[in-house]
Number of protein chains: 2
Amino acid sequence: MREITVEDLPDIARGAAVLGTGGGGDPYIGRLLAQQAIRRHGPVPLVDPMDLPDDAVVIPTAVMGAPTVMLEKLPSGKELVTALRALETLIGKKATHTISIEAGGLNSVIPFATAAELGLPMVDADGMGRAFPELQMLMPTLGGISATPMALADERGNAISMNTLDNAWAERFARTATIEMGCSSAISLYVLTGRQTKEFMVHGTISLTQRIGVAIREAAAAHRDPVAATAEVLGGRRIFQGKLVDVRRGTEGGFARGEVRLDGLGDDLGAQLDISIQNENLVAIRDGQVLASVPDLICVLDTDTGEPVTTEMLRYGLRVSVVVAPCDPRWRSPEGLALTGPAYFGYDHEYVPV
Amino acid sequence: MREITVEDLPDIARGAAVLGTGGGGDPYIGRLLAQQAIRRHGPVPLVDPMDLPDDAVVIPTAVMGAPTVMLEKLPSGKELVTALRALETLIGKKATHTISIEAGGLNSVIPFATAAELGLPMVDADGMGRAFPELQMLMPTLGGISATPMALADERGNAISMNTLDNAWAERFARTATIEMGCSSAISLYVLTGRQTKEFMVHGTISLTQRIGVAIREAAAAHRDPVAATAEVLGGRRIFQGKLVDVRRGTEGGFARGEVRLDGLGDDLGAQLDISIQNENLVAIRDGQVLASVPDLICVLDTDTGEPVTTEMLRYGLRVSVVVAPCDPRWRSPEGLALTGPAYFGYDHEYVPV
């Protein structure tokens, strides 16, 4: 066990936004929120999942909604506690730990705010090893674990809790409630035992995000290539560098959806890369050929600084590099692909691992 | 206290559909559902609200949604119990009585099914003295009573509960959840003490619906005018008789909305009457002049039989008479009109009491 302090958060948020593959929220906002809470309440213990007691009550907190909206409608932190408390009331148990459901600039860091506020330790793991747009897309779903009982809260004090038939229904009801809350909400769901956390969550995600964040920062400071440094930590590779020449992006059905086009630069001069987005980067297509797709990671980075570029930050003229990296191997199983593969998102190409 | 048996239900459902002013659900379906439950579990005690102990726990059950949809997606009764139980869990108390939130073919009768199923007595009262389309439009809202904690359930077993900032937010969240459930749901909300029931609910509504139902049946059997008989029991008057020549009706935002036009017959030959609908009949306009509007009652009856014609039953060629009647006087207060008057529904005419 070690303690996460205010100084650790910038690297963690930066690295988390890389794993967020465009989604999972803005690292700047996530960092500010968590830093504020840790300044007020002190550092947060980070626990290795293997050190959890089997009967620990591990309750995730996160924000749900369109990242484009969260930039304008900042979470206050209060609604995270409201959601967690509503869920505790429903299950009649208190959380012993909190944890992140997905890697992302907000959703890796926000549970630190919850943890600091409530004096809980946080677990060094997450539910995806990346970010996905829908809340049934968690590793525990593959283990047959229910997303509900689940609670949502908004900044006004509205709280909704639910028990649903399955995790896809939880996504449907939570999405419409989130839209009604103004396209973003605080959520608490997937109550896990310590044992389930060990078995089903992706271990070490927070430490990995920190390593990525440090690698980018150090490479940029030493005038080494920060994109190459990121690809190395991820075990991935750069597939493109170019300039953003077209961004179409809208908020539809509570998601940020869009299409992005890059014109190649350097070795990629003359080529084009298209990326499709539903909160996260789903598919990368070079001159008509699919180079990578969900569930693998497609990360857009600023070519000069290596800083991750989230969906809501994409804009004309930006010089970016695209790094792809393999997802957690469990997503590549038939069940994993049914939940998060290209067919689920309506694409007709086969999944080809990067 | 008296007992309501299977034989009482046809008159109650018929009279309730008159007070439902087009909404509140289909009397045939409501009656079948309640008769089935009473046949299985025995008669239901009907309690005068003044006889309630002050600390009684009175929990309404109802169906929410578009009446047009409820005709095709029948409630099974099971989801009413699921909703009530979810609410009991949330408040940590058991219901001692159930009650109807509005008068209507379904919503006056459905609580008998809940009552029979759970062995609870039912209170002879309701929350509106008529039907209204939105769930904040209850007399207890005027008394500052919260609609939440509230629970919704569907026939699949999905259950949602909520605590909201105010009753308008409860309506918003419940409406979107109901839409997601397929445009109809079972709800349980407005937990009342016996004392609050006495103070804020409309007393004697079930007995009134039965008197209306009996008056229509007996007048029709004796070849007297059933429409005149209804107007007399309601303390209202017939404002039009005619033939339905146009019906525009759609399901929008979870409501049945529409416009209906009648061509006059008999004394009204040559005149036209237009009725606007949001689940319930909202406004009646004769040749451009408003004759009646919410919160007063606008009831459409079959001219020959006196049977109430609900929104979903309106069809070209039907010979109907329109009866208007005064609402509960509390709806005519400034607060009552703000909640249920023509301005709330977007009309720019003043409210003129019938």
Side-chain angles (χ1 to χ4, degrees), chain A residues 64-65 76 78-79 81-93 134-136 146-189 191 252-255, chain B residues 64-65 76 78-79 81-93 134-136 146-189 191 252-255:
Chain A
M64 177 168 189
S76 77
K78 198 186 62 176
E79 58 271 44
V81 174
T82 306
L84 183 72
R85 291 294 187 225
L87 186 51
E88 287 178 336
T89 302
L90 206 62
I91 62 172
K93 283 186 202 166
E134 300 181 14
L135 63 72
Q136 75 279 22
S146 176
T148 66
M150 154 172 196
L152 298 93
D154 69 13
E155 69 285 2
R156 298 171 197 88
N158 291 312
I160 296 180
S161 46
M162 56 180 78
N163 272 296
T164 59
L165 194 64
D166 59 30
N167 295 356
W169 276 103
E171 160 67 24
R172 283 179 65 166
F173 289 121
R175 188 68 54 184
T176 53
T178 296
I179 293 171
E180 214 57 45
M181 286 173 170
C183 272
S184 81
S185 66
I187 59 174
S188 194
L189 68 174
V191 176
E252 289 167 31
F255 296 106
Chain B
M64 178 169 189
S76 78
K78 198 185 62 174
E79 58 271 46
V81 174
T82 306
L84 183 73
R85 291 293 187 225
L87 186 52
E88 286 178 335
T89 302
L90 206 60
I91 62 172
K93 283 185 201 166
E134 301 182 12
L135 64 73
Q136 75 278 21
S146 176
T148 66
M150 155 173 195
L152 298 93
D154 69 12
E155 70 285 3
R156 298 172 196 88
N158 291 312
I160 296 180
S161 45
M162 56 181 79
N163 272 296
T164 60
L165 194 62
D166 59 30
N167 294 358
W169 276 104
E171 160 66 25
R172 283 179 65 165
F173 289 121
R175 190 68 51 182
T176 52
T178 297
I179 292 171
E180 213 57 45
M181 286 172 171
C183 273
S184 80
S185 66
I187 59 175
S188 192
L189 69 174
V191 176
E252 289 167 31
F255 296 106

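A, B, ... follow the sequence lines: proteins, then strands. Residue 1 opens every chain.
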Problem set entry | Under 4.5 Å from any heavy atom of chain A - which part of B:Met150 | neither
Would you list the atom pairs in which one atom of chain A and one of chain B form a donor-acceptor pair under 3.5 Å?
from: A:Asn158; atom 1: OD1; to: B:Leu165; atom 2: N; distance (Å): 2.6
from: A:Ala159; atom 1: N; to: B:Asn163; atom 2: O; distance (Å): 2.8
from: A:Ala159; atom 1: O; to: B:Asn163; atom 2: N; distance (Å): 2.8
from: A:Ser161; atom 1: N; to: B:Ser161; atom 2: O; distance (Å): 2.7
from: A:Ser161; atom 1: O; to: B:Ser161; atom 2: N; distance (Å): 2.7
from: A:Ser161; atom 1: OG; to: B:Ser161; atom 2: OG; distance (Å): 3.0
from: A:Asn163; atom 1: N; to: B:Ala159; atom 2: O; distance (Å): 2.8
from: A:Asn163; atom 1: O; to: B:Ala159; atom 2: N; distance (Å): 2.8
from: A:Leu165; atom 1: N; to: B:Asn158; atom 2: OD1; distance (Å): 2.6
from: A:Arg172; atom 1: NE; to: B:Glu180; atom 2: OE2; distance (Å): 3.0
from: A:Arg172; atom 1: NH2; to: B:Glu180; atom 2: O; distance (Å): 3.3
from: A:Arg172; atom 1: NH2; to: B:Glu180; atom 2: OE2; distance (Å): 3.2
from: A:Glu180; atom 1: O; to: B:Arg172; atom 2: NH2; distance (Å): 3.3
from: A:Glu180; atom 1: OE2; to: B:Arg172; atom 2: NE; distance (Å): 3.0
from: A:Glu180; atom 1: OE2; to: B:Arg172; atom 2: NH2; distance (Å): 3.2

For this session: Output the option from B:Leu152, B:Leu165, B:Ile179 having the highest count of non-hydrogen pairs under 4.5 Å with chain A.
Result: B:Leu165
Residue pair [X] / [Y]: nearest heavy atoms and the distance that separates them:
| X | Y | result |
| --- | --- | --- |
| B:Ala83 | B:Ala186 | CB-O, 3.8 Å |
| B:Ala177 | B:Ile160 | CB-CD1, 4.0 Å |
| A:Ala151 | A:Ala86 | CB-CB, 3.8 Å |

Exercise. Between atom CG of A:Leu84 and atom CD1 of A:Ile187, what is the distance when rounded to the nearest 0.5 Å?
Worked result: 12.0 Å
